[in-house]
Amino acid sequence: KEHVVYIQTMDDSEVAFLQRLETKMSLVSGSEIERFKSSTMGQSFCLAFMEAAEKLQNKPLYIDDSPSVTVEYIKAKCKAIKRIEGTIDLVVVDYIGQIDTSTVQSGKRKAGSRAEEVSLVSSKLKILAKELDCVVMVIVQFNRSIDSRQDKRPTMSDLKESGGIEADANIIICPSLPYKDDPSRDPSETVFYVLKSKGSQTGSIETIRWDGEHYLFYEGEHPRNERFKKRGLSTYAPTDSGFTDVPTEEIPKEFTEE
């Protein structure tokens, strides 16, 4: 899409973040390039990866990997981007627990507990969304208590320092991987629990699949299958390790090893 997006990632480097985006767009992982690097298929995979990188270069995508930032810093960056692009459509904060709260104040009173500090950060991000008239997506960690429960379906109280977040968020969505509780389930099966949806309904979305090797959530048939069908290859089926190797006898001549 051509939306103007600003991503503030304090949990990862810009290079690693971009590599994951390129993997998602090209549907080619580093391990696959390594596995087929001595063949023309490996060259094809590299080309697809490079094409994804070129597409990203031409997108109005801004990524900041500064390790310690405040909400005021994020606000200043957003306003600068809006001046350059004329608009801003999406702001992603990864993640709220990494935002520097050392200068957060409520009036003349410094925030006390960590939960109070996060609540103040949450309310400021809510104001930012209104000022910019755009979507602000904030990543939040789970509490560890969810791992000790028999029923691991997430609730809003499982969000770390969740008080202010629960109140400020218009939508809260929590992913869950059922196979972690039941090994007989498909490892790609993912359930998204919509715990809060202002003006709409809550519930669960159970038609999503997760491809960890390519950092991809998808519905229905895996999008990579269409690519391989065009090349005359059998479709790829997700497995625990990502995707099965293509049988040698099914690889067209242009992809066979030299």
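Note that the numbering runs from 1 along the sequence shown for the chain. Because the structure is a prediction, the values reported are computed rather than measured.
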Side-chain touch E213/S31, heavy atoms, less than 4.5 angstrom: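 The answer is yes; the side chains approach within 4.5 Å.
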Side chain to side chain, Q98 and V93, heavy atoms closer than 4.5 Å: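 No. Closest side-chain heavy atoms not under 4.5 Å.
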Taking atom [atom1] of [X] and atom [atom2] of [Y], what is their separation to the nearest 0.5 Å?
X	Y	atom1	atom2	result
T70	D100	OG1	CG	6.5 Å
I208	S188	CD1	OG	11.0 Å
Q8	I139	CD	CD1	12.5 Å
K55	L21	NZ	CG	13.5 Å
L216	S29	CG	OG	12.0 Å
E51	M25	CD	CE	10.5 Å

With sequence neighbours excluded, residues passing salt bridge (charged side-chain N to carboxylate O under 4.0 Å, His left out) with K59: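 Result, salt bridge (charged side-chain N to carboxylate O under 4.0 Å, His left out) vs K59: E2.
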Listed partners of D64 passing salt bridge (charged side-chain N to carboxylate O under 4.0 Å, His left out), at least two apart: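 So D64 forms a salt bridge (charged side-chain N to carboxylate O under 4.0 Å, His left out) with K77.
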Run the side-chain donor-acceptor check on residues 167-176: report pairs under 3.5 Å with partners two or more places apart or on a different chain.
from : atom 1 : to   : atom 2 : distance (Å)
D168 : OD2    : S122 : OG     : 2.7
D168 : OD2    : S123 : N      : 3.2
N170 : OD1    : K126 : NZ     : 2.9

[X]: which residues meet the side chain to side chain donor-acceptor pair (under 3.5 Å) condition with it, sequence neighbours left out?
X	value
Y193	none
E54	none
E189	R185
T207	E219

Can you get from [X] to [Y] by hopping between Ile, Leu, Val, Met, Phe, Trp and Tyr side chains that sit under 4.5 Å apart?
X	Y	value
V5	L56	yes
M50	L27	no
W210	I205	yes

Between side-chain atoms of residues 82-91 and protein atoms elsewhere (two or more places apart, or another chain), which donor-acceptor pairs fall under 3.5 Å?
from : atom 1 : to   : atom 2 : distance (Å)
K82  : NZ     : L132 : O      : 3.2
E85  : OE2    : Y62  : OH     : 2.5
D89  : OD2    : V4   : N      : 2.8

Residue pair D211, H214: steps toward the side-chain contact (heavy atoms from CB on, under 4.5 Å) verdict: CA-CA 6 Å; D211 170 11; H214 301 99; 2.6 Å; yes
Residue pairs fulfilling salt bridge (charged side-chain N to carboxylate O under 4.0 Å, His left out) with at least one residue in residues 129-142, sequence neighbours excluded: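 Output for this query lists K75-E131.
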Chi angles and distances behind the side-chain contact (heavy atoms from CB on, under 4.5 Å) call for V69, M10: CA-CA 8 Å; V69 301; M10 294 152 281; 3.5 Å; yes
Residue pairs passing the ring-ring contact (aromatic ring centres under 6.0 Å, His included) test where at least one lies in residues 169-192, sequence neighbours excluded: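 Qualifying pairs, neighbours excluded: F192-F217.
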Flag for T9-D11: side-chain donor and acceptor within less than 3.5 Å: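 Checked: D11/T9 side chains show no N/O donor-acceptor pair below 3.5 Å.
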Side-chain donor or acceptor of S26 paired with backbone N/O of V28 under 3.5 Å: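 At least one qualifying donor-acceptor pair exists.
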Step-by-step side-chain contact (heavy atoms from CB on, under 4.5 Å) determination, V191 to L177: CA-CA 6 Å; V191 180; L177 298 171; over 6 Å; no
Closest non-hydrogen atom pair between M156 and K196, with its separation: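 In terms of heavy atoms, the two residues are closest at SD-CB, 4.0 Å.
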Minimum-distance pair of heavy atoms, taken over all atoms of V71 and V121: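 Heavy atoms of V71 and V121 come nearest at CG2-CG1, 3.7 Å.
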Residues F17, I7; criterion side-chain contact (heavy atoms from CB on, under 4.5 Å); working and verdict: CA-CA 10 Å; F17 199 97; I7 299 172; 3.5 Å; yes
Pairs touching residues 14-25 that satisfy side-chain hydrogen bond (donor to acceptor under 3.5 Å, both in side chains), sequence neighbours left out: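 Listed once each, the pairs are D12-R20.
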